[in-house]
**Q** 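First the structure, then my questions, so here it is.
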2 protein chains.
Amino acid sequence: MTTRIQKRNRKRILDAALEVFSAQGFRGATLDQIAAEAGLSKPNLLYYFDNKEAIHRLLMEDLLASWLEPLRAMNPQGEPRDEIMGYMRRKLQMSRAFPRESRLFANEILQGAPRLGDFIARDLRMLVDDRAALIARWSREGRLAPVDPYHLIFSIWALTQHYADFDAQIRLIRDGTDPLDGAEPFLERLFERLIAPEPRAP
Amino acid sequence: MTTRIQKRNRKRILDAALEVFSAQGFRGATLDQIAAEAGLSKPNLLYYFDNKEAIHRLLMEDLLASWLEPLRAMNPQGEPRDEIMGYMRRKLQMSRAFPRESRLFANEILQGAPRLGDFIARDLRMLVDDRAALIARWSREGRLAPVDPYHLIFSIWALTQHYADFDAQIRLIRDGTDPLDGAEPFLERLFERLIAPEPRAP
DNA sequence: AAAAATCTTGACTGGTTGGTCAAGTCTGTT
DNA sequence: AACAGACTTGACCAACCAGTCAAGATTTTT
């Protein structure tokens, strides 16, 4: 049974850990930093989680579901262009709402995916293969421009996650204005032009 | 005066440090890892560099020049579409030739640009502002499609660097094939379609 | 109110990390 | 060969780090 206090403190710890791990990576983060950020003592942290690894693992597990969902939500029965634009919009929305989660994921990949390797090679890969096949079919049917489906998916990842992962850089260049200002119409146009099929020869 | 041995060992150390820093970030990397990677003892490392910070700083300084150059090489007198496509191609080439440098930079930005903040807010920003103005002019003159110049530059960064920074992920999904396979034609097409001006109304 | 269960922390430990140093080895010059 | 300067390293140190523990404080249950 989990008490009221447990709920509150576990949440505090995970939020603090997300802040620190997403900025410093697993090795670069310390329990002292996380404890300070959470407003708890270090032994108290370890009363709620077995060790540093366990905190990180839980964050990762929470990440996984939300990471697959937008792509999984793509509907094979839908209108191709709406489905792809919808996926792009959902990913962009996630970068806006969960930038730290995006950076946590980026850190994991930069380090060579030591903890998420299995998930990526199995779950994510299966889903991507499936969606790539779907997009390839749509292209073959002339409902999308002929386009490499894997690179299309990667380009959606790259463009949407960039706004969260490189937030610090964009802020410094654009002098504090929200990095995502104007991003949505720009990306709409970009992908619209990329996937719009040429008018068919009669 | 720098001797033959100094030259060789400094290079070894910087190469090893690039390997470790780009994968672990500054805080996550240890001198022992770098020393092992370089095939030298730790005190020997510190015979050639004052401290950990100094090694990292030198890597960063080397990075700066090569980071600005492709954008600086954009020619205001050139043909707009060639200049933008050329810039994209140069950036992609850099991701192919220097993936570790790209990841080193990504790590720095993920951490909030603690060491490169000044450079970004001053040098990079000035250059980007200048090129953005150039692109805006080209758009106004009808030589490019009307497009937000900042987001155009960011999209080139996002798409080209993604192949270096998320290399581990792409490899796991594409089962070992070179992540950059097919990337160049895909990006050519993407940016070609994005910036091609609509035929003018007569 | 008192007992039980839960929560909190100061003080500690063993291992790691960045960095020092004195003593030794190697290399180039005469 | 012998000397000077350059290079290398084992042994060490203080600070930091993940994690432990016993003792006390707080909350919940009876």
Side-chain angles (χ1 to χ4, degrees), chain A residues 1-61 104 107-108 110-112 114-116, chain B residues 1-61 104 107-108 110-112 114-116:
Chain A
M1 196 205 89
T2 70
T3 70
R4 185 174 47 83
I5 295 178
Q6 271 171 40
K7 220 175 195 172
R8 169 171 56 86
N9 283 354
R10 277 187 215 274
K11 178 172 280 183
R12 275 195 196 173
I13 292 168
L14 287 174
D15 190 70
L18 178 57
E19 192 72 31
V20 177
F21 281 135
S22 68
Q24 306 280 355
F26 182 79
R27 287 206 38 134
T30 72
L31 289 181
D32 288 297
Q33 284 176 288
I34 297 173
E37 181 81 25
L40 299 171
S41 68
K42 185 169 60 171
N44 207 175
L45 228 71
L46 292 161
Y47 173 75
Y48 290 103
F49 292 92
D50 283 348
N51 49 40
K52 187 181 175 183
E53 187 77 34
I55 303 176
H56 191 263
R57 184 165 46 247
L58 192 49
L59 281 178
M60 283 298 184
E61 280 164 14
L104 181 68
N107 253 306
E108 165 72 10
L110 276 176
Q111 285 156 34
R115 294 153 214 278
L116 242 53
Chain B
M1 195 205 90
T2 69
T3 69
R4 185 173 47 82
I5 294 177
Q6 271 173 40
K7 221 172 193 173
R8 168 171 56 85
N9 282 356
R10 276 188 215 274
K11 178 171 279 181
R12 274 195 197 171
I13 292 168
L14 288 173
D15 190 71
L18 178 59
E19 192 73 30
V20 178
F21 281 134
S22 68
Q24 305 280 356
F26 182 78
R27 287 207 38 134
T30 73
L31 289 180
D32 288 298
Q33 283 176 286
I34 297 172
E37 181 80 27
L40 299 172
S41 68
K42 184 169 59 168
N44 207 176
L45 229 70
L46 293 161
Y47 172 77
Y48 289 103
F49 292 92
D50 282 350
N51 48 42
K52 186 182 177 184
E53 187 75 37
I55 303 176
H56 191 263
R57 184 164 45 245
L58 191 51
L59 280 178
M60 283 297 184
E61 282 164 14
L104 181 68
N107 253 306
E108 165 71 10
L110 275 175
Q111 285 156 35
R115 294 153 216 278
L116 242 49

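Numbers restart at 1 for each chain; the letters A, B, ... are given by sequence-line order, proteins then strands. Side-chain atoms are counted along with the backbone in the values below, which use heavy atoms only and exclude waters and symmetry mates.
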**Q** My understanding is that only residues two or more places apart in sequence, or in another chain, count here; which of them pass ring-ring contact (aromatic ring centres under 6.0 Å, His included) with B:F26?
**A**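 Expected list: B:F21, B:H56.
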**Q** For B:Y47 and D:dC7, is the shortest distance between a side-chain N/O and OP1 or OP2 below 4.0 Å?
**A**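 Yes, such a contact exists.
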**Q** Does A:E19 have any salt bridge (charged side-chain N to carboxylate O under 4.0 Å, His left out) partners at least two apart in sequence or in another chain, and if so, which?
**A**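 Checked A:E19 against salt bridge (charged side-chain N to carboxylate O under 4.0 Å, His left out); matches are A:R100.
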**Q** Using residues 34-42 of chain B as the side-chain source, report each donor-acceptor pair under 3.5 Å to any protein atom, sequence neighbours left out, with the distance given to one decimal.
**A**
| from | atom 1 | to | atom 2 | distance (Å) |
| --- | --- | --- | --- | --- |
| B:S41 | OG | B:N44 | N | 3.3 |

**Q** Run the side chain to side chain contact (heavy atoms under 4.5 Å, CB included) test against B:R4 and tell me which residues pass, sequence neighbours left out.
**A** none
**Q** If I take atom CD in residue A:E53 and atom P in nucleotide D:dG19, what distance separates them, rounded to the nearest angstrom?
**A** 9 Å
**Q** Provide the start and end nucleotides, 5' to 3', of the part of DNA chain C that has atoms under 4.0 Å from heavy atoms of chain B.
**A** C:dT17 to C:dG28
**Q** Taking all heavy atoms of B:S22 and all of B:L104, pick out the closest pair and write down the distance.
**A** CB-N, 3.8 Å
**Q** First locate atom CD of B:E61, then atom CG of B:L116, and finally report the distance between them rounded to the nearest 0.5 Å.
**A** 10.0 Å
**Q** Distance from B:L31 atom CG to B:L46 atom CG, nearest 0.5 Å?
**A**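 Here the interatomic distance stands at 5.5 Å.
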**Q** Taking the side chain as everything from C-beta on, heavy atoms only, tell me whether A:L14 gets closer than 4.5 Å to A:F49.
**A** yes
**Q** Between the protein and nucleotides 12-18 of chain D, list the N/O to N/O atom pairs that are separated by less than 3.5 angstrom.
**A**
| from | atom 1 | to | atom 2 | distance (Å) |
| --- | --- | --- | --- | --- |
| D:dC17 | OP1 | B:R27 | NH2 | 3.1 |
| D:dA18 | OP1 | A:A29 | O | 3.4 |
| D:dA18 | OP1 | A:L31 | N | 3.4 |
| D:dA18 | OP1 | A:K52 | NZ | 3.2 |
| D:dA18 | OP2 | A:L31 | N | 2.8 |
| D:dA18 | N7 | A:K42 | NZ | 2.8 |

**Q** Tell me every residue that passes salt bridge (charged side-chain N to carboxylate O under 4.0 Å, His left out) with A:R115, counting only those two or more places apart in sequence or in another chain.
**A**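 A:E53.
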**Q** Regarding A:F49, tell me which of base, sugar-phosphate or nothing describes its non-hydrogen contacts under 4.0 Å with the strands shown.
**A** nothing
**Q** Going by number, which of residues 6-21 of chain A have a non-hydrogen atom under 4.0 Å from DNA chain C?
**A** A:Q6, A:N9
**Q** Measure the spacing between NZ of A:K11 and OH of A:Y48 and express it to the nearest 0.5 Å.
**A** 14.5 Å
**Q** Can you name the side-chain hydrogen bond (donor to acceptor under 3.5 Å, both in side chains) partners of B:Q33, sequence neighbours left out?
**A** B:T30
**Q** CD1/B:I13 to CG/B:L59 distance, rounded to the nearest 0.5 angstrom?
**A** 11.0 Å
**Q** Minimum heavy-atom separation for A:L110 to B:L110, with atom names?
**A** CD1-CD1, 3.5 Å
**Q** When you check every protein heavy atom under 4.0 Å of nucleotides 25-30 of chain D, what one-letter string (B, S, -) results, 5' to 3'?
**A** --SS--
